[in-house]
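Beneath this line is the structure, given in structure tokens, with notes to follow.
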Amino acid sequence: MTVTGARTFKNFIGGEWVDAASGETFESVSPADGETLGVFPKSGPEDVDRAAAVAKQAFEEWRLVPAPKRGEILFRFAQLLAEHKAELTDLMTHEMGKVKPEAGGDVQEAIDMSYYMAGEGRRLWGQTTPSELRDKFNMSVRMPIGVVGVITPWNFPIAIPSWKIAPALVCGNTIVFKPATDTPLLGERFVELLVEAGVPAGVVNVVHGGGAAVGDRLVRHPDVPVITLTGSRETGVQVMRNAADCLKHIHLELGGKNAIIVLDDADLDLAADGILWSAFGTSGQRCTAASRVIVQEGVYDALASHLVAAAEKLRLGVGWEDDTDVGPVINEGALEKIHSYTQIGIDEGAKLLTGGEVASGNGLDKGFYYRPTLFGDVDPQMRIAQEEIFGPTTALIRVEDFDEAVRVSNGIRYGLSSSIFTRDVNKAFRAMRDLVAGITYVNAGTIGAEVHLPFGGTKDTGNGHREAGQAALDVFTEWKSIYVDYSGKLQKAQIDTAS
Ligand code: UN1
């Protein structure tokens, strides 16, 4: 363990480490064993204002740094993340709680994204097109926008900041970053490595603190034209509403209620592995997690008993131990919310097949652990099949055929990830066409998106934007169309002329 005990950390504004104006602090506490990992500034609107002013000023120089040079800094950042991967992985098992292989995967996503966006520095393609007129040249270029307010969640504390900050930087924007209050130390380390990679003072600023004081000010700040948020649907709605007066660019990546469909012809062992990984990986705390399993009736009983047996074998524990399968959930509030959904499911008449309780004993009382929970005989309209629980709980729903499975899968307000297990290629292609979601997996679970494809969802999962891949560039740039007339005379476009 390499963390620094209860060291006190600061905000990072204009290249300097500074306390919050109020002098107030909050602690980062491990969900695994209650250890205090650090003390952080509890910032307020004044701190956001300072950071936004510095970032606005830094933008004027940063936007002129050639994009390939900006990319080189990201390349160096990716290398530093790789060099520090073991340390960041270990820290993540403590601060966020996920198990070691998943924590390593989280860091790896950030490495991959940073290399990808480093390369983008030598592309950032626009278009060239012929003109309607003689001796005239037409092209379009991507322009940076300005200061980007980055509000990130705790569940991917290294990966998600990279999805937002790497593309925003390579496009030439500057940043005010508010890491989640549950994982400020990882946010801090992320920025320390960016600075070590060579990001100039003022280009990336960190303001620690809560959504109401820091996030809300960022969202309403007139000098922060772009907000990118990964969070809950409720927060997303609030952000859009509060940013409306400034007509901000808003990128939202919100909830999910993702389903895995298992048809009668599926490879059942493979499907079960995919379900366990997608439902209980990261203790179900991914917006891509499978919190519904839609099973055709011919294999329902066999799959349900297979899943129960396998879920009961999963070992709960601290993420840094090698034999742990499932780590803690993030905090006490999350534990209570998850447990309240167990009662809701029971009250609604669903059948609790396994789990449904807070785990204790063997040191687990020091953290927030919940037993992997499976409900059977779930009606698609029940709350446990409609609402995002964000914990290790999944609902088995029995259906007659493919058409009903797709209807049930689509019958929710969200549209992030989806999956089908089948050996029938025709059904697989119909599912790829008909599942109304930003992501569809065939013969794989609902998690594990790669950084070079668009990431995001339909319906209430967002507002139509995507992050990652080329799509991210659309969030962090504006198009400019440029017309160069080299005829030496006034040529009138959109005027009917004889020539
Ligand atoms: C999230 O939970 O917000 O596809 C993101 C996945 C991960 C990202 C999850 N690469 O599951």
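In this text, all values refer to a predicted model and were calculated from it rather than measured experimentally. Every number for a ligand or one of its atoms is a count from 1 in the order of the listing.
- No more than 12 heavy atoms of other residues, nucleotides or ligands lie within 6.0 Å of CZ in Arg122, so this atom counts as exposed by the packing criterion.
- Residues Tyr370 and Thr342 have side chains that bring a donor and an acceptor to within less than 3.5 angstrom of each other.
- Any N or O atom pair closer than 3.5 Å counts here, and Glu253 shares no such pair with ligand 1.
- Side chain to side chain, Lys42 and Thr181 fail the donor-acceptor criterion of an N or O pair below 3.5 Å.
- The ring pair (Phe, Tyr, Trp, His ring centres under 6.0 Å) test applied to His208 returns Phe40, not counting sequence neighbours.
- Residue-level proximity to ligand 1 for Ile439 is absent, since no heavy atom of it falls below 4.0 angstrom.
- Per-residue contacts place Ala449 under 4.0 angstrom from the following atoms of ligand 1 (heavy atoms of the residue considered): 4 (O), 6 (C), 10 (N).
- Using a 4.0 Å cut-off to heavy atoms of Ile160, the atoms of ligand 1 that qualify are 3 (O).
- Trp163 does not carry Arg466 over the face of its six-membered ring by the limits of under 6.0 Å from the centre and within 45° of the normal.
- Numbered from 1 in the order shown, with element, the atoms of ligand 1 that lie under 4.0 Å from a heavy atom of Glu109 read 7 (C), 10 (N).
- Near Asn155, with a cut-off below 4.0 Å to any heavy atom, the atoms of ligand 1 are 1 (C), 2 (O), 3 (O).
- Of the protein's non-hydrogen atoms, Cys287 N, 2.7 Å is the one closest to atom 2 (O) of ligand 1.
- Taking only nitrogen or oxygen atoms, main chain and side chain alike, Arg286 reaches within less than 3.5 Å of ligand 1.
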* To do: Decide ring pair (Phe, Tyr, Trp, His ring centres under 6.0 Å) for Tyr441 and Trp277; before the verdict, give the C-alpha distance in whole Å, the side-chain angles of both, and the deciding distance to 0.1 Å.
  => CA-CA 14 Å; Tyr441 290 90; Trp277 170 229; over 10 Å; no
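- Within the 4.0 Å heavy-atom criterion, the part of Trp163 lying near ligand 1 is the side chain and not the backbone.
- Ring orientation note: the planes of Phe177 and Phe190 are nearly perpendicular, at an angle over 60° on the 30°/60° scale.
- On a distance-only criterion, Gly448 and ligand 1 share at least one N/O pair closer than 3.5 Å.
- For the pair Phe156 and ligand 1, the shortest N or O to N or O distance does not fall below 3.5 Å.
- Looking at Arg423 and Asp267, their side chains come closer than 4.5 Å, going by heavy atoms from C-beta outward.
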